[in-house]
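Counting from 1, the numbers follow the sequence of the chain as shown. Predicted, not measured: the structure shown is a model, and the values here were computed from it. Order of appearance sets the numbers: ligands from 1, and atoms from 1 within every ligand.
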Amino acid sequence: MNAIDIINKTKRKIQLTEEEIKYLVNGYTSGEIPDYQMSAWLMAVCLNGLTEAETVALTLAMRDSGDILDLGCIEKITVDKHSTGGVGDKTSFIIGPAAAACGVAVPKMSGRGLGHTGGTIDKLESVKGYRVDVEFDEFADIVNKTGFSIISQSGQLCPADKKIYALRNSTGTVDSIPLICASIMSKKLALNADCLLLDVKCGTGAFMKTPEDARKLGDLMEKVGKAAGKKCRAIVTDMNTPLGCCIGNSLEVKEAVELLQGKIKGRLYDICIELTANMLELAGKGSIEECAEMAKEAISSGKALGILKETIEMQGGDSRICDDVELLPKAKYSHIIYAPRDVEVIGIDAEELGMASLILGAGRINKDDEIDYTAGIVLEFELGDKVSMDAPIMTLYSDCVSDFSDAAYRAYNALKFRTLTENALT
Ligand code: URA
């Protein structure tokens with residue numbers, strides 16, 4: 001077996017065997033297969049795709065490149081959720097506690113973000129003291145006590161994905177459905193929860209720009225998950241507009257806490273209920289309708305907020321933020337953008353707002369860049385709202401940028417308005 005034959009087979013659309021895929025993944029992870037041969041193969045996959053059987057084999061070979069967790073010490077049925085990422089997505093620390101409040105265990109490992117805003121781990125690190133590097137035994141202990149924990153992904157999980165993903169980032173081979181599927185699913189299968197809900201984001205602020213591609217990715221991930229023996233479901237949710245009103249790390253924690261305090265309804269709340277209901281239904285807790293009612297009750301009773309508070313406390317974080325969000329870190333500088341005339345907001349481009357947040361310091365361009373936890377944007381309206389002239393439409397925050405002109409220009413242009421005629425506001 002050799003890498004050149006394997007590259008040629010994929011180039012000619014000839015299906016690879018499981019052994020050939022294992023040889024490629026193991027050879028690249030150990031350093032025997034060089035970057036240039038792996039890059040050539042990844043480009044062949046980008047252009048020609050992989051069959052379902054090849055994608056399953058690639059995912060399992062990547063999963064098996066490192067540790068596979070044994071969650072047998074967790075007493076309740078375990079449910080994991082993965083979102084393919086988007087702008088303002090703070091659902092993990094809402095639905096984790098909400099599902100835990102309904103009797104399942106939610107052990108989550110997440111990553112830091114590259115791009116617009118931080119990842120789930122960056123967001124949680126904006127809570128003073130919160131430890132994300134927790135050893136497995138302590139992680140399992142927290143999950144057994146509170147039902148929920150999020151920690152950063154261990155370096156021993158999927159080393160193959162780590163190496164391949166870095167190569168894809170620098171060779172223009174990220175946007176391939178089988179490669180995205182194998183990358184995400186290998187990590188999820190290594191975490192090894194009993195049930196897995198996949199939230200495939202679709203729209204301008206997401207990897208998948210069209211509903212067709214989002215469904216294709218979702219269906220493929222679902223098939224791979226089932227082939228690996230998991231209870232698995234993929235749902236597609238909209239990411240043309242940001243999720244909620246806050247974009248940026250500590251701002252998103254604040255919004256999540258406020259939602260768990262029962263102060264926020266609307267689209268973010270609805271999506272959280274839908275996701276939690278699907279997690280519970282996969283775990284056999286009832287029908288989707290029954291599970292949605294349980295999720296609502298978990299939030300309205302304050303039980304989910306109590307679980308988040310207890311988890312933050314066990315991980316060393318300042319859990320008082322669950323009672324008083326004003327204790328979260330705040331930016332030194334802010335800038336308000338006002339409505340230029342009486343308008344109706346008819347479009348919010350999630351990707352552009354994400355780019356404006358990046359300029360403010362909320363995200364990273366390179367993986368070692370420092371992040372500004374306080375930076376971001378708060379929208380003062382929802383899609384379809386009418387705003388009168390000179391009312392605030394959004395506020396920009398930053399600790400590291402005091403000249404807001406670039407970010408404000410980009411953020412303002414992310415909005416689409418319809419001018420209202422006289423009296424249309426009433
Ligand atoms: N997230 C991942 O973990 N991998 C991809 O390939 C894309 C998104």
Among all the protein's non-hydrogen atoms, which is closest to [atom], and how far away is it?
atom	answer
atom 8 (C) of ligand 1	F207 CE1, 3.3 Å
atom 3 (O) of ligand 1	K187 NZ, 2.5 Å
atom 1 (N) of ligand 1	I184 CG1, 3.8 Å

With heavy-atom distances below 4.0 Å as the criterion, list the atoms of ligand 1 near S183.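 Answer for ligand 1: 2 (C), 3 (O), 4 (N), 5 (C), 6 (O).
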Parallel, tilted or perpendicular for F417 and Y412, by the 30°/60° rule?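 The rings of F417 and Y412 sit tilted, inter-plane angle from 30° to 60°.
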Ligand 1 contacted by I180 (non-hydrogen, < 4.0 Å):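 The answer is yes: ligand 1 sits under 4.0 Å from a heavy atom of I180.
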Taking C-beta and beyond as the side chain, do T29 and M62 meet within less than 4.5 Å on heavy atoms?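 Answer no - side chains too far apart.
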Taking distance alone, with N or O pairs closer than 3.5 Å, would you say Y165 contacts ligand 1?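 Not met; the criterion fails.
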Salt bridge flag under 4.0 Å for residues K254 and E258: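 A salt bridge links K254 with E258.
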Taking the basic N atoms (NZ, or NE/NH1/NH2) and the acidic carboxylate oxygens, is any pair closer than 4.0 Å for K216 and E212?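 Result for this pair is no, no salt bridge flagged.
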Hey, is CZ on R267 packed in by over 12 heavy atoms from elsewhere, all under 6.0 Å?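 Atom CZ in R267 is crowded, with more than 12 foreign heavy atoms closer than 6.0 Å.
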